[in-house]
Amino acid sequence: MRVLVTGGAGFIGSHVVEALTARGHEAVVFDVRDDPGADVRSPATVGQALAGVDAVCHQAAMVGLGVGFGDAAEYVSHNDLGTAVLLSAMAEAGVRRLVLAGSMVVYGEGRYECPRHGVVRPGPRAVADLDAGRFEPRCPVCGAELTPGLVGEDAPADPRNVYATTKLAQEHLAAAWARSTGASAVSLRYHNVYGPRMPRDTPYAGVASFFRSALARGEAPRVYEDGRQRRDFVHVEDVAAANAVALEADPVPGVLRAYNTGSGEPHTVGEMARALAAAYGGPAPVVTGEYRLGDVRHITADSSRLRADLGWKPEVGFADGIAEFARAGMRGA
């Protein structure tokens, strides 16, 4: 299969290219890092890149929370306009298979249970609570403490920041494209991806990159809130393998299928910071009590659907992955 990989020179995209090549596919890299003219928002350029292509693996995106709402137009331009241009060109070229780099951020907060009211969905956390160090969401009905659990793909979307909103819009665009053309679309909703080649020293990266960049500077990783927020850290090689199996799966015409893509093993952010600092041999993390307003408290994946439907399973355990990441090279922003 000849696969166009947008963002194929980036952190996740470069691993996807390697995974596809190892499985006998031809991966065509489309990335502004390699070619400044390779802008996914350019219809002519994208149309040329699609010549002779059987499928597209769409990794190109502007990621992370950024530095403020002033980034909103750039996020929408890169993520949503870029995706619309790509899908329009695919419709014109007759390319009918897409795998999209989705994200768990579309859910907002994860799954919570109240001892009295069962499964509930807390609203955005109040600034006054965050300022006072009250980080845990409470039951929106009775105010009781909640127990976090694994979120499944059928949970309602509730994006809490600009990036999350653009990732949900990408899925809606891909679903509309699939219905209109009879094509097959898969969105892999990545959880917290980490591993070799993460970008360093950039406000647009994930928490693992922030911690590793600090350690490389000889500084202690700074952990927001109380460090007890739960995430699912999944190794980039496992994410790349998920992309490969999604591309190889039997197509389901006319629909978008969404799959959580996580390790299935929740860890706290503080735990991750401590493990990385110990493996690196650097300063112990500092828990700051600070917060970012767009962050959610707990979001961890139920990835059983991806395992059941496509036969994928993560191979890199947390301890081994963190030990490798501590030694791995990073790339410039």
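Quick caveat: nothing in here was measured; it's all calculated off a predicted structure.
Each side-chain hydrogen bond (donor to acceptor under 3.5 Å, both in side chains) pair with one or both residues in residues 43-56, not counting sequence neighbours, appears once here: S42-T45. Applying the side-chain hydrogen bond (donor to acceptor under 3.5 Å, both in side chains) test to residues at least two apart or on different chains, none of the pairs has a partner in residues 114-123.
Minimum heavy-atom separation, Y75 to V63: OH-O, 3.0 Å. Residue P314 comes nearest to G262 through the heavy atom pair CG-O, 4.3 Å, listed as atom of the first residue, atom of the second, then distance. Q59 and A101 get closest at one heavy-atom pair: OE1-CB, 3.4 Å. Heavy atoms only, all atoms of each residue included: N79 and A61 are closest at OD1-CA, 3.3 Å. Across all their heavy atoms, V99 and A246 have their closest contact at CG2-CB, 3.8 Å.
With rounding to the nearest 0.5 angstrom, the CZ atom of F210 is 12.5 Å from the CZ atom of R222. Distance CG/L188 to SG/C57: 7.5 Å, rounded to 0.5 Å. Note that CD of E324 is 10.0 Å distant from CD1 of I322, once rounded to the nearest 0.5 Å. Atoms CG and CG, from L50 and L86 in turn, are 6.5 Å apart once rounded to the nearest 0.5 Å. From Y190, atom OH reaches atom CD1 of I12 across 5.0 Å, with rounding to the nearest 0.5 Å.
Between V105 and the choices K167, R160, H191, the side chain to side chain contact (heavy atoms under 4.5 Å, CB included) rule is met once, by K167. With V5 as reference, V17 is the one residue of D31, V17, N243 to meet the side chain to side chain contact (heavy atoms under 4.5 Å, CB included) rule.
A 4.5 Å side-chain heavy-atom check between H78 and D71 finds every atom pair outside the cut-off. At least one side-chain heavy atom of R305 sits under 4.5 Å from a side-chain heavy atom of D154. A heavy-atom distance below 4.5 Å is not found between the side chains of S187 and H58. Using a 4.5 Å cut-off on side-chain heavy atoms (C-beta onward), D238 and S263 make no contact. Using a 4.5 Å heavy-atom cutoff, the side chains of L256 and L98 are not in contact. Looking at R212 and M330, their side chains come closer than 4.5 Å, going by heavy atoms from C-beta outward. A heavy-atom distance below 4.5 Å is found between the side chains of D201 and R217.
For N260 (side chain) and V151 (main-chain N/O), a donor-acceptor pair under 3.5 Å exists by modelled atom type.
By the neighbour-count criterion of 12 heavy atoms within 6.0 Å, atom CZ of R228 is sparsely surrounded, having that number or fewer from other residues, nucleotides or ligands. More than 12 non-hydrogen atoms from other residues, nucleotides or ligands lie less than 6.0 angstrom from CD of E248. No more than 12 heavy atoms of other residues, nucleotides or ligands sit less than 6.0 Å from atom CD of E145.
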Could you go through the side chain to side chain contact (heavy atoms under 4.5 Å, CB included) check for F233 and V207 one step at a time? CA-CA 10 Å; F233 297 100; V207 65; 3.8 Å; yes
Pair T181-R96, side chain to side chain contact (heavy atoms under 4.5 Å, CB included): steps then yes or no: CA-CA 8 Å; T181 63; R96 296 292 183 263; 3.8 Å; yes
Applying side chain to side chain donor-acceptor pair (under 3.5 Å) to D309 and Y259, what does each step give before you reach the verdict? CA-CA 9 Å; D309 286 5; Y259 292 105; 2.9 Å; yes
For D131 and Y291, what are the C-alpha separation, side-chain angles and deciding distance, and is it a side chain to side chain contact (heavy atoms under 4.5 Å, CB included)? CA-CA 8 Å; D131 285 341; Y291 64 87; 2.7 Å; yes
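Residues satisfying the salt bridge (charged side-chain N to carboxylate O under 4.0 Å, His left out) test with R111, not counting sequence neighbours, are E113. Applying the ring-ring contact (aromatic ring centres under 6.0 Å, His included) rule to H235 yields the partners Y194; only residues at least two apart in sequence or on another chain are considered. For the side-chain hydrogen bond (donor to acceptor under 3.5 Å, both in side chains) test, no residue two or more places apart in sequence or in another chain qualifies with D320.
Under the 4.5 Å side-chain heavy-atom criterion for grouping Ile, Leu, Val, Met, Phe, Trp and Tyr, V316 is not connected to V234 through any hydrophobic cluster. Residues V236 and L20 share a single hydrophobic cluster, defined by chaining ILVMFWY side chains whose heavy atoms lie under 4.5 Å apart. V186 and V56 are members of different hydrophobic clusters when ILVMFWY side chains are connected at heavy-atom separations under 4.5 Å.
Look at E153 and R257 and you find no salt bridge, because none of the NZ, NE, NH1 or NH2 atoms lies under 4.0 Å from a carboxylate O. A salt bridge is absent between R134 and E136: the closest approach of a Lys/Arg side-chain nitrogen to an acidic carboxylate oxygen does not fall below 4.0 angstrom. Under the 4.0 Å criterion applied to side-chain N and carboxylate O atoms, E225 and R297 are assigned as salt-bridge partners.
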Pair up each side-chain donor or acceptor in residues 278-286 with any protein partner under 3.5 Å, not counting sequence neighbours, and list the distances.
none

